[in-house]
Amino acid sequence: MKTTTVFSFLVLLMFSSVTFAQDELQITAKDSIVQSSWIFGVGLNAVDDSGNVFNGIFNVSDEWNIVPFPSRVSIGRYFKSGLGLEAVGTYNQYKEGKIIDAEVISENISYFGIDGRVTYDINKIIGQTGWFDPYVGIGAGYTDANNKGRGTYNAVVGFRTWFSDRWGLDFNSTGKWAMSQGEGATNHIQHAAGVVYQFGIEKGLSKRGEEKLELLAAIEKEKQRQRDSINEVNRLKDELLLAERLKKQQEEDALAAAEKAKVDAINKRKTEIKSRIENLGNVYFGLNSSVVNSSSKKVLDSLVQVLEEIPTLTLKITSHTDSRGTSKYNDWLSQRRVDKTKDYLLSKGVSADKLTTEAYGETQLLNECDDNTYCPEEKHAVNRRSEFVILEF
């Protein structure tokens, strides 16, 4: 007894420890990172085209050219592998008095550049920080600078710092080497800073998050092993109960299937009889008449045959008028029509207990021909009718 108590205590202690560890190891937002996205950026750019870049790299006043408004726009797609593809468009203006190609210019000159580049996220090597993303890249483009157009080979180094999953700042410097030195086109350097917005985001776990996920999976596996051990004790009992429920369900399904088959057969027979009667058509009357004409007698004679073939069939005869005349008159007229219809069937030997009647007057028109709507005679004629409704079959 004492040994059993100690063993139970140890199992409870282990289970509690596992539960506590799992509570401490929940995956949180801090464990996820952006793995791929689109990034759109807007910002400023500064161009140093002095011809003396590395000697006067920080000579902002004499050699850097900046315009006081957003002059750079970029759009890029960045992938899980760390590679990114980016298109960049820039505008600038060389200012009068600045050093351009080793000479002081005497007028303002516009600068245009459009570049494409491939970048690589250095965090893929040094590890993710979640907020600081340094990168390097290479590319090519076309630049019109100092009134000289030239293709360029580009190399870029920069970093982005993120305030949230979507918003951040981008700082980079790009060296641009002219593909051809014709017409005096030279190399230059371009610096940029701006705001970036990230969208189309696909997230994944950081390395720390993946480690936590593996540990959580191991803990869950151990808990599952414990649950399986407990469940095994009740497995046979559950199987027996399941077998009993299955047998009961099969019996209920068999009864339901038999009942459904019976109902389906009844409905099928009713549908067949209804279709047969509907195919005979209605009995129609002339204007202000309750006389059963020769064409209507043919319909009723066919109906007599159906009643003779199906002894259990009982019908309700309903008669109607068009909208012309007063409601009181039409009630009277429809009653005469239903009586005349029934009388004809009785005259052909149909038992009275197989027939009931109801007169509706003008209350159940089959079209729009009411007291407020003009209709030709052929439309009114549709409403002057006797119909047959199956009561029993």
Original post:
Looking at K248 and E251, does any basic side-chain N land under 4.0 Å from a carboxylate oxygen?
Top reply: no
**OP:** Give the minimum heavy-atom separation between A140 and M179, together with the two atoms involved.
**Re:** CB-CE, 4.1 Å
**OP:** Kindly compute the distance separating OG1 (T161) from CG (D133), expressed to the nearest 0.5 Å.
**Re:** 8.5 Å
**OP:** Taking the six-membered ring for Trp and the full ring for Phe, Tyr or His, determine whether the centres of H191 and W64 are under 6.0 Å apart.
**Re:** yes
Original post:
Could E308 and K354 be called an ion pair, given the rule that one side-chain N must be under 4.0 Å from one carboxylate O?
Top reply: no
**OP:** Could you tell me whether R385 and E387 make a salt bridge, using a distance below 4.0 angstrom between a side-chain N and a carboxylate O?
**Re:** yes
Original post:
Any side-chain donor paired with an acceptor under 3.5 Å for N65 and N92?
Top reply: no
**OP:** Check the side chains of T321 and E362 for a donor-acceptor pair under 3.5 angstrom, ignoring hydrogens and angles.
**Re:** no
Original post:
With ring centroids as reference points, do F171 and F159 lie under 6.0 angstrom apart?
Top reply: yes
**OP:** Please lay out, stage by stage, how K247 and E244 fare under the test salt bridge (Lys or Arg N to Asp or Glu O under 4.0 Å).
**Re:** CA-CA 5 Å; K247 182 179 179 181; E244 292 176 353; over 6 Å; no
**OP:** Check whether more than 12 heavy atoms from other residues, nucleotides or ligands sit under 6.0 Å from atom CD of E368, and answer yes or no.
**Re:** yes
Subject >> K176-Q190 side chain donor-acceptor pair, cut-off 3.5 Å >> reply: yes
Subject >> Residue pair F199 / F40, side-chain heavy-atom distance below 4.5 Å >> reply: yes
**OP:** Check whether more than 12 heavy atoms from other residues, nucleotides or ligands sit under 6.0 Å from atom NZ of K340, and answer yes or no.
**Re:** no
Subject >> Single-linkage hydrophobic cluster V350~I390, side-chain heavy atoms < 4.5 angstrom >> reply: yes
Original post:
If you round to the nearest 0.5 Å, how far is CG of N372 from OG of S323?
Top reply: 9.0 Å
Subject >> Non-hydrogen side-chain atoms of V304 and L345 separated by less than 4.5 Å >> reply: yes
**OP:** Flag the pair H188 / Y111 as yes when their ring centroid distance falls below 6.0 Å, and as no otherwise.
**Re:** yes
Subject >> Minimum side-chain heavy-atom gap T152-D115 below 4.5 Å >> reply: yes
Original post:
Just wondering, more than 12 heavy atoms not from Y153 lying within 6.0 Å of its OH?
Top reply: no
Subject >> Step-by-step side chain to side chain donor-acceptor pair (under 3.5 Å) determination, D228 to Q224 >> reply: CA-CA 6 Å; D228 291 343; Q224 184 61 48; 2.8 Å; yes
Original post:
Any donor and acceptor pair, going by atom type alone, linking the side chain of Q198 with main-chain N or O of D165 inside 3.5 Å?
Top reply: yes
Subject >> Point-to-point distance, once rounded to the nearest 0.5 Å, from CG of N108 to NZ of K98 >> reply: 11.0 Å
**OP:** Before giving the answer on side chain to side chain donor-acceptor pair (under 3.5 Å), spell out for D331 and Q335 the whole-Å C-alpha distance, their side-chain angles and the decisive distance to 0.1 Å.
**Re:** CA-CA 6 Å; D331 290 343; Q335 184 62 52; over 6 Å; no
**OP:** Treat each ILVMFWY residue as a node, draw an edge where side-chain heavy atoms are under 4.5 Å apart, and state whether I39 and V156 are in one component.
**Re:** no
Original post:
Are L44 and V60 connected, step by step, through hydrophobic side chains (Ile, Leu, Val, Met, Phe, Trp, Tyr) whose heavy atoms are closer than 4.5 Å?
Top reply: no
Original post:
Is the closest basic N to carboxylate O distance between E377 and R384 below 4.0 Å?
Top reply: yes
Original post:
Rounded to the nearest 0.5 Å, what separation is found between the OG atom of S164 and the OH atom of Y197?
Top reply: 9.0 Å
**OP:** Check whether L83 and V88 end up in the same hydrophobic cluster, where Ile, Leu, Val, Met, Phe, Trp and Tyr are linked by side-chain heavy atoms less than 4.5 Å apart.
**Re:** no
**OP:** Using side chain to side chain contact (heavy atoms under 4.5 Å, CB included) as the criterion, point out the one residue from T174, L85, I138, N154 that pairs with R117.
**Re:** T174
Subject >> Salt bridge flag under 4.0 Å for residues K316 and E358 >> reply: yes
**OP:** Determine whether the side chains of N146 and D49 contain a donor N or O and an acceptor N or O closer than 3.5 Å.
**Re:** no
**OP:** Would you please test S386 and S319 for side chain to side chain donor-acceptor pair (under 3.5 Å) and show each step?
**Re:** CA-CA 4 Å; S386 285; S319 291; 2.6 Å; yes
Original post:
Is the shortest distance from a Lys or Arg side-chain nitrogen in E272 or R276 to a carboxylate oxygen in the other one below 4.0 Å?
Top reply: no
**OP:** State whether R324 and D371 are salt-bridged, where the test is any N-O pair (Lys NZ or Arg NE/NH1/NH2 against Asp/Glu carboxylate O) under 4.0 Å.
**Re:** no
Original post:
Does the cation-pi check pass for R160 over Y78, that is, NZ or CZ under 6.0 Å from the six-membered ring centre and within 45° of its axis?
Top reply: yes
Subject >> Polar contact flag, side-chain donor to acceptor under 3.5 angstrom, T90-N45 >> reply: no
Subject >> Beyond-backbone contact of L315 with I277, side-chain heavy atoms, under 4.5 angstrom >> reply: yes
Subject >> Within-4.5 Å side-chain heavy-atom neighbours: N367 and N383 >> reply: yes
Original post:
Do F112 and Y91 make the cut of ring centroids closer than 6.0 angstrom?
Top reply: yes
**OP:** Under the side-chain contact (heavy atoms from CB on, under 4.5 Å) rule, what do K262 and I266 come out as? Steps first, then yes or no, please.
**Re:** CA-CA 6 Å; K262 180 180 178 181; I266 293 172; 4.2 Å; yes
Original post:
So do L169 and V195 actually touch side chain to side chain, heavy atoms under 4.5 Å?
Top reply: yes
Original post:
For residues Q305 and D301, is any side-chain donor paired with an opposing acceptor at under 3.5 Å?
Top reply: no
Original post:
Any side-chain donor-acceptor pair under 3.5 Å between D370 and T373?
Top reply: yes
Subject >> Matching residue for S296 among T341, V283, N282 - test: side chain to side chain contact (heavy atoms under 4.5 Å, CB included) >> reply: V283
Original post:
Any salt bridge between K379 and D322, counting N to O under 4.0 Å?
Top reply: no
Original post:
Among the clusters formed by ILVMFWY side chains lying less than 4.5 Å apart, do Y135 and V196 turn up in the same one?
Top reply: no
**OP:** Check ring pair (Phe, Tyr, Trp, His ring centres under 6.0 Å) between Y360 and all other residues, then give those that pass, not counting sequence neighbours.
**Re:** H320
Original post:
Under a 4.0 Å N-O cut-off, is there an ion pair linking E220 with R227?
Top reply: yes
